[in-house]
Amino acid sequence: MEQARMEDSFGEWFSRVIREAEIMDPRYPVKGLCVWLPYGMKLRNLVISIIRRLLEERGHHEVLFPLLIPEDAFNREAEHIRGFENEVYWVTRGGGEELDVKLVLRPTSETSMYPMFALWVRSHADLPIKVFQVVSVFRHETKMTKPMIRVREVTTFKEAHTAHSTREEAEAQVREAVEIYRKFFDELGIPYVITKRPEWDTFAGAEYSIAFDTLLPDGKTLQIGTVHNLGQNFSKVFGIEFQKPDGGHDHVYQTCYGISERVIAAAIVVHGDELGPCLPPKVAPIQVVIVPIVFKDEREPTELSHALLQELERGGIRAHLDLRNLRPGNKFYYWERRGVPIRIEVGPKEARWRKVTAVRRDTRKRIEIPIEELLDKIKTLLVEMEVEMKKRAWDKLNERVRKVGKLDDFEKITGGIAKMSLCGGGCAREAEERTGFKILGEELDSKPSGRCAVCGRAAERTVLMARSY
RNA sequence: GGGGUCGUGGGGUAGCUUGGUCUAUCCUUCUGGCUUCGGGAGCCAGAGACCUGGGUUCAAAUCCCGGCGACCCCA
């Protein structure tokens, strides 16, 4: 029942929530650009710290490349230009002077990084290169923009780039990237499907692309991560060459993969309810908020609250004590709208009985915790919430992935993800035309079985279809 | 890419059709004070708006055109 309104008007829900939760202010006077507010920035930084840790654990090193790319570097890879030329911003003037070499604001950093790779790589011993950066990228989107979901400045692009001495190694890197991204989304409890994108939807300049999509309440999918095998397409045009142990030369084999702030949108949305977000405990800027309930002259609740705050902070919990002169009910709503996972109420009763009342944001269940057990119980509760939130989000997604045996059965599905078998022929286009859904891609590692949902011949692939953002 | 709707205090709105007491409505928010505090308290006082540029007109929030911005539908 609560979900209904979220499903009907997801766009409205989302912009209301990010504003009320003080995550972003979308009113910046340039289309497609938004302001990260302090609370949102903390959330963003916590999310970044997870992916940073995961990448570094697997031997990636953080770097920072310039925002501006010279025209000739940008124009070197033909497919890549074709993919981006219609949406890049140009810097053509410095002060009053026209620039001799026009510059683009990076829409992604291949053409910024790879000329440098060419300088860095001499021998096979210089490989592999595994670097990443977290930066803004700019794309002049012509379609309707939406905070965090379709923007002209992607402010939190976490892009990794690798170079290897063999095709096999690059292939293995693609697999490693997929595993890293799985872990990343798992830590945030965001459910996903993984597909190999069809050729028309492959990254500009890549041999193939693998993508993660999640499902939003309105039934449309949202691409939240991509992994690309670039083969030697870029290394050949940028001259990234190395000497092999046997003395011969070869161009490097490359991969790149990236995740934008859409992952933050997903974290807000997939765990949200009518009131707003329930932030995953791992990234919630405030994990526990303490609300003292103070009657006239009583001082115990406030004093006890201070002591509890200290204990939680010492235990590594991100806690906050709300001492504002507002009534408790008002504070409850305030923190629920900000997605704080746990609220602790400390009133005269708690002070007297040496226990506190904890309330979960996701289920709104009340739990009594003896004060001496507080830290342990809160830690356990945060982990429990994380596990349950993840499970609920996955259940919600799985409910909306439906197997379609024959295309004629399709009419029943209004949103979500359709899974069907197809032959190797041209039935994909017919499936798209008759359903209005687009093919996300072939399910990763799926083994085709049964018959083509369109023509009935033996199936050669399993595809996922959906309406997408 | 094609089509449509719409811009009024920080947020949400009334007014626009038929231009004129609009000195712009209501709710919320915010500020100061009193009083309160177990799910958005109450009272008093106060703050705050016609997106932008041009045009029509004696007169524009209201009508016309451009720009910027927001939202929706279709491909």
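This structure is a prediction, so every number in the text was calculated from the model and none was measured. Side-chain atoms are counted along with the backbone in the values below, which use heavy atoms only and exclude waters and symmetry mates. Quick note on labels: first sequence line is chain A, next is B, and so on, each numbered from 1.
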Report summary line: Sequence neighbours excluded, the answer for side chain to side chain donor-acceptor pair (under 3.5 Å) partners of A:Ser421 is none
Query raised in the report: Between A:Val17 and A:Gly276, which heavy-atom pair has the shortest distance, and what is it?
Result: CG2-CA, 3.8 Å
Between the protein and nucleotides 41-51 of chain B, list every N/O to N/O distance that falls short of 3.5 Å.
residue	atom	partner	partner atom	Å
B:rA41	N9	A:Arg327	NH1	3.1

Report task. Look at all strands and tell whether A:Pro348 reaches a base, only sugar-phosphate, or nothing, counting heavy atoms closer than 4.0 Å. Result -> base
Requested in this report: Ignoring backbone atoms, test whether A:Arg337 places a side-chain nitrogen or oxygen under 4.0 Å from the OP1 or OP2 oxygen of B:rG40.
Outcome: no
Report task. Name the residue closer to the 5' end of RNA chain B, choosing between A:Met144 and A:Lys31 according to the nucleotide with the nearest heavy atom. Result -> A:Lys31
Query raised in the report: Please walk me through it: do A:Thr156 and A:Lys158 pass side-chain contact (heavy atoms from CB on, under 4.5 Å)?
Result: CA-CA 6 Å; A:Thr156 315; A:Lys158 304 163 272 287; 3.3 Å; yes
Query raised in the report: Mind checking who B:rC71 pairs with, Watson-Crick or G-U wobble, both distances under 3.5 Å?
Result: B:rG4
Requested in this report: Identify, with sequence neighbours excluded, every residue that meets salt bridge (Lys or Arg N to Asp or Glu O under 4.0 Å) alongside A:Glu432.
Outcome: none
Query raised in the report: So, do A:Tyr333 and B:rG40 meet the stacking rule of ring centres under 5.5 Å and planes under 30°?
Result: yes
Report task. Check the distance between B:rA70's C1' and A:Arg150's CZ and give it to me in whole angstrom. Result -> 16 Å
Requested in this report: Could you tell me whether a side-chain N or O of A:Glu77 sits under 3.5 Å from a main-chain N or O of A:His80, the two making a donor and an acceptor?
Outcome: yes
Query raised in the report: For A:Thr142 and A:Glu350, take the nucleotide of RNA chain B holding the closest heavy atom to each; which residue's nucleotide lies nearer the 5' end?
Result: A:Thr142
